[in-house]
Amino acid sequence: YRYFPEPDLPLLHVDAAWIAVAAQSNATSGLPWNREEELIGAFKVPKGTAAIIAQNLIRFEYAVASAAASDALGVRSLAPFNIVANEVLGLINERGIDEKQWVVKVPPERLGALIVKSERREIPGPLAKQVLAWMLDEPGDVDELLARHGVQVRSSAAALEPLVRA
């Protein structure tokens, strides 16, 4: 067997400007294993969760933006990463939508606000999961969704005492 070059293919010349643009694009998007290292190093995300998030650039950017949104509201935790890797991906698969559609319907700021309420124990975890599903289908912030669905969260002793005595 002998190798014969394809005579119909022209020689490809790549100039320095194109290489610089490609290098910059790669630097901003990163490779999955670089994104995974960033999640582990900068955010202390466990390796398994980081691997799930880092597989997809949209997912990575969404998780980081959601963490920034909850951080801006005073709550810094691993919850944004865990929710994206588990609950968000579960709903995406269940509903048969893609991640771009999710980001449009539930922007990072909206998820960040839900995370803040959940982390501050203003709403319990199972209710937070239900609100997350409502967010995909309906507009509004957490309080509007709760009101629309007739859900009242009572957690203070004063609010619960009449229910216990009844």
Side-chain angles (χ1 to χ4, degrees), residues 17-156:
W18 187 90
I19 292 171
V21 168
Q24 180 60 33
S25 173
N26 190 38
T28 58
S29 66
L31 297 168
W33 47 88
N34 294 340
R35 294 192 295 259
E36 183 178 340
E37 288 175 14
E38 181 180 346
L39 290 170
I40 293 168
F43 299 100
K44 310 297 184 233
V45 176
K47 186 167 180 50
T49 303
I52 292 168
I53 293 171
Q55 289 173 359
N56 179 296
L57 181 59
I58 293 169
R59 187 180 314 150
F60 170 79
E61 290 175 343
Y62 182 74
V64 170
S66 297
S70 64
D71 191 26
L73 295 172
V75 173
R76 173 172 272 182
S77 74
L78 291 175
F81 303 103
N82 292 329
I83 289 170
V84 168
N86 296 300
E87 306 307 323
V88 170
L89 287 180
L91 284 168
I92 286 171
N93 289 333
E94 178 184 303
R95 304 282 180 93
I97 63 171
D98 67 22
E99 293 182 48
K100 289 180 184 177
Q101 291 173 306
W102 175 274
V103 173
V104 169
K105 291 184 176 193
V106 186
E109 299 77 19
R110 211 167 162 215
L111 180 60
L114 174 62
I115 290 166
V116 167
K117 286 197 172 285
S118 179
E119 290 291 299
R120 289 183 178 159
R121 307 283 190 245
E122 294 174 22
I123 59 174
L127 181 56
K129 290 179 184 181
Q130 179 60 59
V131 171
L132 185 62
W134 291 337
M135 285 181 155
L136 185 57
D137 299 326
E138 305 172 31
D141 65 18
V142 176
D143 293 330
E144 291 170 343
L145 289 167
L146 291 172
R148 188 176 306 131
H149 290 273
V151 177
Q152 295 179 1
V153 178
R154 298 181 184 178
S155 59
S156 70

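A pairwise comparison of heavy atoms in A79 and I115 identifies CB-CG2, 3.9 Å as the closest pair. Smallest separation of non-hydrogen atoms from A67 and S70: O-OG, 3.1 Å. Heavy-atom minimum distance, M135 versus R110: O-NH1, 3.0 Å. Of all the heavy atoms in L136 and K105, the pair that sits closest is O-CD, 3.3 Å. Between A63 and I53, the closest heavy-atom pair is CB-CG2, 3.9 Å. Nearest heavy atoms, L146 versus W134: CD2-CZ3, 4.2 Å.
In this structure, the side chains of L89 and E99 come closer than 4.5 Å at one or more pairs of heavy atoms. Contact annotation: the side chain of F81 never approaches that of I52 to less than 4.5 Å [non-hydrogen atoms, C-beta and beyond]. Residues Y62 and N56 form no side-chain contact, since every pair of their non-hydrogen atoms from C-beta on lies 4.5 Å or further apart. A 4.5 Å side-chain heavy-atom check between L145 and V151 finds every atom pair outside the cut-off. Looking at K100 and I58, their side chains come closer than 4.5 Å, going by heavy atoms from C-beta outward. For the pair E36/V45, no side-chain contact is recorded, criterion being any heavy-atom separation below 4.5 Å from C-beta on. Between V84 and T49, every side-chain heavy-atom pair lies at or beyond the 4.5 Å cut-off. Under the 4.5 Å side-chain criterion, counting only non-hydrogen atoms from C-beta, L114 is in contact with I123.
Rounding to the nearest 0.5 Å gives a distance of 13.5 Å between CD of Q55 and CZ of F60. To the nearest 0.5 Å, the span separating NZ on K129 from CG on L132 amounts to 10.0 Å. For the atom pair CG (N93) and CG (D98), the distance works out to 11.5 Å, reported to the nearest 0.5 Å. For the atom pair CG (N86) and CG (L91), the distance works out to 11.0 Å, reported to the nearest 0.5 Å. Summarising the geometry, atom CH2 belonging to W102 is positioned 7.0 Å from atom CG belonging to L111; distances are rounded to the nearest 0.5 Å.
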query: What's the verdict on salt bridge (charged side-chain N to carboxylate O under 4.0 Å, His left out) for R95 and D137, showing C-alpha distance, side-chain angles and the deciding distance?
result: CA-CA 11 Å; R95 304 282 180 93; D137 299 326; 2.7 Å; yes
- request: Could you check K117 against D143 for side-chain contact (heavy atoms from CB on, under 4.5 Å), going step by step and ending with a plain yes or no?
  value: CA-CA 10 Å; K117 286 197 172 285; D143 293 330; 3.3 Å; yes
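By the neighbour-count criterion of 12 heavy atoms within 6.0 Å, atom CZ of R76 is sparsely surrounded, having that number or fewer from other residues, nucleotides or ligands. Within 6.0 Å of the CD atom in Q152, the count of heavy atoms belonging to other residues, nucleotides or ligands does not exceed 12.
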